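Okay, structure first, notes after.
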Number of protein chains: 2
Amino acid sequence: MAREEKPKRATIHDVARVAGVSAATVSKVLRSVGSVKQENAQRVREAVAQLGYRMDPLASGLRNENRKIIGAVVPDLESPFFGALVTGLERAAEAAGYAMIVASSRESEDREADLVARMNDWRVAGTVLMPVRSERGRGAEQLRALGMQAVLVDRVTADGEFDTVTADNYAASASVAELLLSAGHRHVLLHGATQVSKSVRTRLAGFADRAAALDPSVRVDRLLSDDDTETQRRAIRDYLDGFAAGKGPTAVFSLSQYSTLLVLSELRRRGVRVPDDMALVGFDDAEWMHTTWPAITAVAQPVEAIAERAVATLLARVEAGSSAFPVQHLEPCKVIERESTLSRSVPAQSSLPGE
Amino acid sequence: MAREEKPKRATIHDVARVAGVSAATVSKVLRSVGSVKQENAQRVREAVAQLGYRMDPLASGLRNENRKIIGAVVPDLESPFFGALVTGLERAAEAAGYAMIVASSRESEDREADLVARMNDWRVAGTVLMPVRSERGRGAEQLRALGMQAVLVDRVTADGEFDTVTADNYAASASVAELLLSAGHRHVLLHGATQVSKSVRTRLAGFADRAAALDPSVRVDRLLSDDDTETQRRAIRDYLDGFAAGKGPTAVFSLSQYSTLLVLSELRRRGVRVPDDMALVGFDDAEWMHTTWPAITAVAQPVEAIAERAVATLLARVEAGSSAFPVQHLEPCKVIERESTLSRSVPAQSSLPGE
DNA sequence: AGCTGAATGTAAATCGATTCATTCGTCATG
DNA sequence: CATGACGAATGAATCGATTTACATTCAGCT
């Protein structure tokens with residue numbers, strides 16, 4: 001019940017004393033630099049084990065210019081996407097021997113700039129910034145102002161100063177266009193909820209460009225908005241009401257996870273059967289999509305690859321001091337076909353030219 | 001393109017020089033302790049502003065026994081629940097002037113113990129542990145062994161050494177029992193997926209106890225398992241197949257988020273209408289539950305309250321040095337009624353005694 | 001034996017902020 | 001006028017590890 005006295009931790013000097021060498025020697029053994037006699041090295045290792053010594057990363061970082069910490073600033077920790085991303089970053093950082101400090105900007109640009117400054121206070125080796133807005137936001141601005149090393153991830157395109165890593169939204173959306181057109185769809189609705197962000201616009205362009213290239217006669221409608229949920233629902237209803245029975249789009253490509261949810265629920269509400277009456281593809285996969293019935297076809301983002309690439313890119317600059325021109329990395333997505341695009345009754349209105 | 005030279009940061013000595021006082025005085029002004037002449041204090045503040053000085057938390061923490069950092073160890077960052085919890089913790093910690101280090105144990109007990117030790121390396125003031133298993137897991141064991149200050153959150157009951165904070169699973173489940181029974185349901189299925197954890201068992205007991213108390217004749221079936229998804233799906237089908245049409249349970253109470261998803265998808269697959277044929281209540285709310293159609297009635301956990309309570313409890317021990325007997329905090333949940341329990345056609349088989 | 005260069009070891013300085021023990025004024029009081 | 005008492009300021013020590021600059025040892029060669 002009463003807390004036992006906290007046993008004070010052994011310091012590097014304690015280890016040195018037990019091993020009968022100097023602290024400097026212990027330090028050399030621990031970070032395996034310089035040369036130490038086999039025998040002494042052994043005794044140090046024994047002393048470490050005996051005392052249960054563990055280095056204080058704080059004290060270590062103080063003297064060392066090169067602090068083994070990387071910072072991560074994320075717009076939102078409540079979404080599974082960023083949760084997974086952060087998990088991946090952590091794993092990669094740890095593998096490289098770095099600790100990671102995470103902070104959520106909670107979708108606020110002011111807070112984002114603030115957090116970047118705070119990362120600089122910690123003298124992190126580098127920062128992974130997943131911006132609220134884009135590479136032109138306040139966070140990136142702050143990074144530049146402070147002359148920090150960083151990688152920009154997810155809601156960005158290329159940048160003149162920092163490396164960037166994103167899912168290949170454009171190519172993935174083009175694949176979706178192929179998938180839907182080759183299944184015979186000739187009238188598709190593109191729906192985007194939440195912010196009309198850079199990613200969403202890229203996805204839209206990827207689909208539209210490829211669709212037009214495959215068949216110029218295909219009709220692509222767009223429904224984009226930043227309004228609140230209720231307004232968006234009404235917009236969907238109004239759109240669908242504008243078509244007589246048997247007319248209207250035969251497929252929906254929703255450009256974000258929330259958008260998929262919204263569209264699906266409106267379809268269900270009015271009794272539109274998926275996929276029989278309407279095919280559905282969503283950008284960004286989620287657990288509920290493969291568990292629900294019918295399971296939803298979705299574009300899965302390569303979260304793990306993005307995370308690994310981000311850390312690798314960052315550390316390449318930090319450690320190797322590479323100052324090459326910044327690179328934009330695009331990681332390929334995967335389209336996972338599920339029940340929502342199963343063409344049981346292919347809505348055949350026309351067939352692909354040449355197929 | 002070429003990085004500008006990183007401008008070296010001003011130290012407390014630079015500030016002292018500019019202000020024409022000693023570093024010690026600057027320190028006193030900055031942390032507002034001791035006594036400093038008004039005039040000097042003012043000049044220090046001006047120097048700080050002029051140089052854009054910011055304290056190095058690392059250097060500060062080194063000398064200070066009291067490092068303003070709290071650690072958080074979470075079993076999983078990809079689930080919105082823990083994501084929200086961590087966000088709340090971060091907010092609360094920041095409000096109290098603490099930095100927070102987050103790490104995910106990824107549902108591994110070994111890793112959990114490891115992370116706790118690592119938090120100790122950082123000499124954190126205290127740790128918020130959301131255990132993989134329970135207060136008897138490896139993480140908690142490590143906390144005890146190292147004599148650390150900590151709060152245990154979420155997958156725990158009372159503990160003899162640490163304060164604990166959880167949602168009041170028992171009471172919330174009892175409310176669900178009241179809700180369903182008073183709507184006329186007399187045959188309910190309790191379904192639990194994922195681990196048969198402490199939380200799930202508490203929820204089960206809460207429902208069963210209250211249901212029995214209200215009406216001893218009510219039938220409560222249980223379907224619990226730790227198997228893979230496909231096996232669980234089959235179990236649900238087999239269970240439902242065991243009843244003739246018009247017979248069987250009229251409501252399902254699913255004891256975890258994933259369980260809700262699973263049950264709902266099986267109901268949809270076999271064309272069981274919710275809520276007309278079957279009412280559904282899920283423990284743990286999620287975005288898709290209020291967006292989907294029909295929207296699902298769910299028990300919302302007070303994430304923000306849990307987070308605040310956890311940090312408050314921890315800091316009370318750390319700062320005030322309180323060594324009172326450990327307390328178990330139960331935060332009340334809220335049952336959010338939505339369409340999935342709307343009794344359009346109340347399945348009246350019997351009525352509540354006395355109602 | 002004497003010399004050289006490499007290998008090995010260590011005392012001390014350092015990182016940036018905090019705190020302790022002391023000094024320096026100033027003003028009140030016996 | 002001497003003696004305290006108290007407010008204010010500061011030099012130096014400290015936190016724990018790393019690194020620098022230098023000392024020592026040793027093997028190999030003339």
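Every value quoted in this text rests on a predicted model; they were computed, and no experiment measured them. Chain letters run A, B, ... following the sequence lines, proteins first, then strands; residues in each count from 1.
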- Task: Would you please test B/Arg91 and B/Glu304 for salt bridge (Lys or Arg N to Asp or Glu O under 4.0 Å) and show each step?
- Result: CA-CA 10 Å; B/Arg91 175 183 281 127; B/Glu304 191 61 28; 3.4 Å; yes

- Taking it one step at a time, do A/Asp14 and A/Arg17 satisfy salt bridge (Lys or Arg N to Asp or Glu O under 4.0 Å)? CA-CA 5 Å; A/Asp14 298 327; A/Arg17 187 156 15 80; 2.6 Å; yes

- Residue pair A/Met100, A/Ile69: steps toward the side-chain contact (heavy atoms from CB on, under 4.5 Å) verdict: CA-CA 6 Å; A/Met100 199 174 85; A/Ile69 311 175; over 6 Å; no

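Listed nucleotides C/dG16, C/dT10, D/dA17 differ in distance to A/Val21; the shortest reach to its side chain belongs to C/dT10. The side chain of B/Val36 has D/dA9 as its nearest neighbour among D/dA17, C/dT10, D/dA9. In the set C/dT18, C/dG16, D/dT18, C/dT18 carries the atom at the smallest distance from any side-chain atom of B/Ala23. Between D/dA9, C/dG9, C/dG16, one nucleotide has an atom nearer to the side chain of A/Thr25 than all others, and that is C/dG9. Minimum atom distance to the side chain of B/Ile12 is reached by C/dT18, of the listed D/dG16, D/dA17, C/dT18. If you check C/dG9, C/dA17, D/dT19 against the side chain of A/Ser27, the one that comes closest is D/dT19.
Contact of the B/Gln38 side chain with the B/Gln42 side chain is not registered, since no non-hydrogen atoms from C-beta on lie closer than 4.5 Å.
The residue A/Val26 sits apart from the nucleic acid: no heavy atom pair falls under 4.0 Å. Residue-level contact check: A/Thr11 touches the backbone only, with heavy atoms under 4.0 Å from sugar-phosphate atoms and none from bases. Residue-level contact check: A/Ser60 touches the backbone only, with heavy atoms under 4.0 Å from sugar-phosphate atoms and none from bases.
Within the model, atoms CD of A/Glu112 and CG of A/Asp114 stand 10.5 Å from one another, a figure rounded to the nearest 0.5 Å.
In this structure, the CZ atom of A/Arg9 is 15 Å from the P atom of D/dC15, given to the nearest Å. Atom CE in B/Met55 sits about 14 Å away from atom P in C/dG16, given to the nearest Å. Atom CG of A/Leu30 and atom P of C/dG9 are 15 Å apart (whole Å). The distance from atom CZ of A/Arg63 to atom C1' of D/dT18 is 5 Å, rounded to the nearest whole Å. A straight line from NZ of A/Lys28 to P of D/dT18 spans 13 Å, rounded to a whole angstrom. The nearest whole Å value for the distance from the CZ atom in B/Arg43 to the P atom in D/dT10 is 10 Å. Rounding to whole angstrom units, CG of residue A/Asn40 and P of D/dC26 are separated by 12 Å. Per the geometry, CG belonging to B/Leu58 stands 14 Å off P belonging to D/dG16, to the nearest Å.
Applying side-chain contact (heavy atoms from CB on, under 4.5 Å) to A/Leu152 and the options A/Leu143, A/Thr127, A/Val128 leaves one that passes, A/Leu143.
Residue order along DNA chain C, read from the 5' end via each residue's closest nucleotide, puts A/Ser35 first among A/Ala24 and A/Ser35. Comparing B/Arg67 and B/Gln38, the nucleotide of DNA chain D nearest to each residue sits closer to the 5' end for B/Gln38.
The side chain of A/Asn64 places an N or O atom within less than 4.0 Å of a non-bridging phosphate oxygen (OP1 or OP2) of D/dT19. For A/Arg31, a side-chain nitrogen or oxygen approaches OP1 or OP2 of D/dT18 to under 4.0 Å.
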